[in-house]
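Small disclaimer: the values here were computed from a predicted structure and weren't measured.
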Amino acid sequence: MSTIALTNATVFDATGAEPVEGATVVVDGELIVDVAAGGAVPASADRVIDCGGRTVMPGLMDAHVHIGAIDVNILEQHRNYQTSHAALKMGRILNRTLMQGYTTVRDAGGCDAGFRQAVEQGDILGPRLLVSNAPLSMTGGHADWRRPTERGNTVECCSQVGMNAIVADGPEEIRKGVRENIRTGADQIKVMASGGAMSPADELDTIQYSPEELRMAVQTAEAAGKYVLAHAYSSAAIRNCVEAGVRSIEHGNLMDEATAALLAEVGTYLVPTLSTYELLHRQGAEHGVAPEPLEKIRMAHEQGLRSLEYAYRAGVRIASGSDLLGPMFEHKHRELSLKAEIMPAAAVLIATTRVNAELFGLADRLGTVEAGKLADLIVVDGRPWEDIAVFASPTAVPVVIKGGDLVKYELS
């Protein structure tokens with residue numbers, strides 16, 4: 001660990017305050033120790049980085065990734081990998097995600113605690129990783145990847161890492177599935193509360209887990225100090241989740257205004273994931289995605305921005321995820337630009353940093369540029385609160401600091 005001073009910086013701290021120009025951010029060890037306009041460079045600094053007026057802001061966060069989705073056509077391609085090969089590909093995705101400026105990500109199902117341990121122990125250079133382990137799905141639900149002709153356990157046909165799931169029906173099976181995920185190191189629990197675009201046996205707007213089943217998942221998770229995130233599109237499925245005490249709704253593309261108002265009233269987080277539908281709508285056929293899921297993707301794509309507008313106008317706690325599959329993860333910047341069609345760019349940045357940290361329960365350590373917080377910082381070549389499209393450039397984030405470690409430095 002060393003002392004790093006980022007000088008001549010414009011600081012967007014994600015607290016809601018106006019950006020501060022000509023500032024100095026001092027990192028000592030793993031912590032931010034000072035943020036000051038025109039601050040002096042400490043004599044003890046081991047490294048001084050002149051930002052040249054570029055933006056210093058918190059490391060980006062993605063609340064909905066699938067590190068195990070190593071191909072776009074997950075229904076078919078994941079079956080073709082040896083477990084070791086899939087794991088190596090997942091490690092590469094983690095590394096490249098960090099280089100994009102994402103210092104914390106929440107895997108929304110499939111990635112197990114071994115990958116988190118590999119990052120923490122330095123075996124993989126990647127972002128802070130919160131894992132859900134195997135998501136819970138009803139038989140024939142969104143994470144039941146079996147073909148109609150297949151029987152037996154859902155993981156018997158595929159690699160033992162990545163997009164695996166637990167098929168559980170009824171409260172008692174769900175209780176056991178949640179406990180098994182907690183036993184094997186899950187940070188949070190993922191459930192499938194509605195149909196999905198890429199699953200073979202369900203429609204997008206269907207209701208899957210019942211209120212009773214969802215309540216069991218929430219109660220069992222909360223007994224162990226965990227929370228539940230729920231895949232849900234339709235208003236009916238979202239309402240079931242809210243009533244059961246689910247902490248965050250993932251996607252929400254088919255949500256109506258009244259349901260958005262309910263989310264705001266209760267304080268449930270919404271994690272919109274707009275970019276995956278846009279990219280799959282445009283490119284899915286090229287990657288071998290079949291016509292049936294492509295039609296569901298079209299529906300989700302066409303209604304996603306409208307649902308986000310309902311949520312933003314209602315005052316919902318809007319976090320940010322991407323849900324991008326395979327090589328599409330390289331286009332995370334598109335998620336920010338799509339949200340900025342509805343929300344001010346500054347609000348999008350805050351959703352992708354501070355609000356995500358609050359959702360994860362890490363707001364005391366991450367999400368803003370403030371003294372005492374962990375030094376997860378990026379330097380951005382531009383003023384993203386004015387033009388969020390700066391992230392589209394492959395050189396947009398030349399500097400990444402994670403926990404005080406300078407993990408990327410590409411300033412000329």
Side-chain angles (χ1 to χ4, degrees), residues 14 57-69 93-94 97-98 100-111 115-116 119 126-133 135 186-193 196 221 226-233 238 241 246-253 255 263 267-277 300 304 307-308 311-312 316-325 328-329 331-340 342-343 347-368 376 378 388 391 402:
M57 62 175 289
L60 301 172
M61 301 182 184
D62 192 327
H64 195 115
V65 303
H66 290 291
I67 299 299
I93 291 172
L94 283 168
T97 297
L98 179 61
Q100 289 176 285
Y102 286 81
T103 55
T104 302
V105 299
R106 183 183 68 170
D107 192 275
C111 190
F115 291 91
R116 185 188 64 216
V119 171
R128 301 177 192 278
L129 182 59
L130 304 169
V131 301
S132 303
N133 288 359
D187 295 295
Q188 63 279 320
I189 300 299
K190 170 74 174 295
V191 299
M192 303 303 188
K226 312 291 183 181
Y227 68 86
V228 173
L229 59 148
H231 164 103
Y233 287 107
I238 292 169
C241 294
V246 163
R247 184 169 174 84
S248 72
I249 302 298
E250 312 298 302
H251 317 303
N253 296 55
M255 180 174 63
L263 289 181
T268 307
Y269 289 88
L270 175 68
V271 182
T273 59
L274 303 171
S275 55
T276 191
Y277 307 105
S307 295
L308 175 60
Y312 182 67
V316 174
R317 293 178 177 179
I318 298 173
S320 184
S322 65
D323 197 24
L324 293 167
L325 307 177
M328 290 180 176
F329 81 88
H331 302 284
K332 284 182 184 292
H333 63 85
R334 186 60 186 150
E335 184 65 38
L336 308 185
S337 294
L338 285 167
K339 285 186 170 71
I342 302 298
M343 303 163 60
V348 176
L349 295 177
I350 289 171
T352 315
T353 54
R354 190 189 79 201
V355 179
N356 272 353
E358 292 167 354
L359 168 58
F360 302 160
L362 299 174
D364 59 331
R365 290 176 279 168
L366 296 169
T368 59
D376 281 18
I378 60 174
I388 210 158
F391 285 109
K402 177 193 166 195

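Residues that satisfy the side-chain hydrogen bond (donor to acceptor under 3.5 Å, both in side chains) test with Thr353, not counting sequence neighbours, are absent from this structure. When the salt bridge (charged side-chain N to carboxylate O under 4.0 Å, His left out) test is applied to Asp323, no partner is found at least two apart in sequence or on another chain. In this structure, Arg247 has no side-chain hydrogen bond (donor to acceptor under 3.5 Å, both in side chains) partners at least two apart in sequence or on a different chain. For His64, the ring pair (Phe, Tyr, Trp, His ring centres under 6.0 Å) criterion is met by His66, His251, not counting sequence neighbours. Not counting sequence neighbours, Thr268 has no partner by the side-chain hydrogen bond (donor to acceptor under 3.5 Å, both in side chains) test. Scanning for salt bridge (charged side-chain N to carboxylate O under 4.0 Å, His left out) contacts around Asp107 gives an empty result, with sequence neighbours left out.
With hydrogens and angles disregarded, a donor-acceptor distance shorter than 3.5 Å links the side chain of Asn356 to the backbone of Ser320. A donor-acceptor contact shorter than 3.5 Å links the side chain of Lys190 to the backbone of Ala108. Not one N or O on the side chain of Arg317 forms a donor-acceptor pair closer than 3.5 Å with the backbone of Tyr269. Side-chain atoms of Glu250 do not come within 3.5 Å of backbone N or O of Leu270 as any donor-acceptor pair. Checking side-chain atoms of Thr273 against main-chain N and O of Ser322 turns up no donor-acceptor pair under 3.5 Å.
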Going through the checks in order, is the side-chain contact (heavy atoms from CB on, under 4.5 Å) test met by Arg365 and Asp376?
CA-CA 10 Å; Arg365 290 176 279 168; Asp376 281 18; over 6 Å; no
Pair Val271-Leu229, side-chain contact (heavy atoms from CB on, under 4.5 Å): steps then yes or no
CA-CA 9 Å; Val271 182; Leu229 59 148; over 6 Å; no
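Relative to the ring axis of Phe391, Lys332 does not place its NZ or CZ within 45° and under 6.0 Å from the centre.
Atom CD in Glu358 sits 11.0 Å away from atom CG in Asp364 (nearest 0.5 Å). Atoms CD1 and CG, on Ile67 and Leu129 in that order, are 6.5 Å from each other to the nearest 0.5 Å. Note: Asn253 CG to Leu274 CG = 7.0 Å, rounded to the nearest 0.5 Å. Atom CD in Glu335 sits 12.0 Å away from atom CG in Leu60 (nearest 0.5 Å). Separation of atoms CD1 (Ile249) and SG (Cys241) is listed at 4.0 Å; rounding is to 0.5 Å. Taking NZ of Lys339 as the start and CZ of Arg334 as the end, the distance is 11.5 Å to the nearest 0.5 Å.
Checked options Lys226, Arg106, Arg128, Arg116; the residue passing with Asp187 is Arg116 (criterion: salt bridge (charged side-chain N to carboxylate O under 4.0 Å, His left out)).
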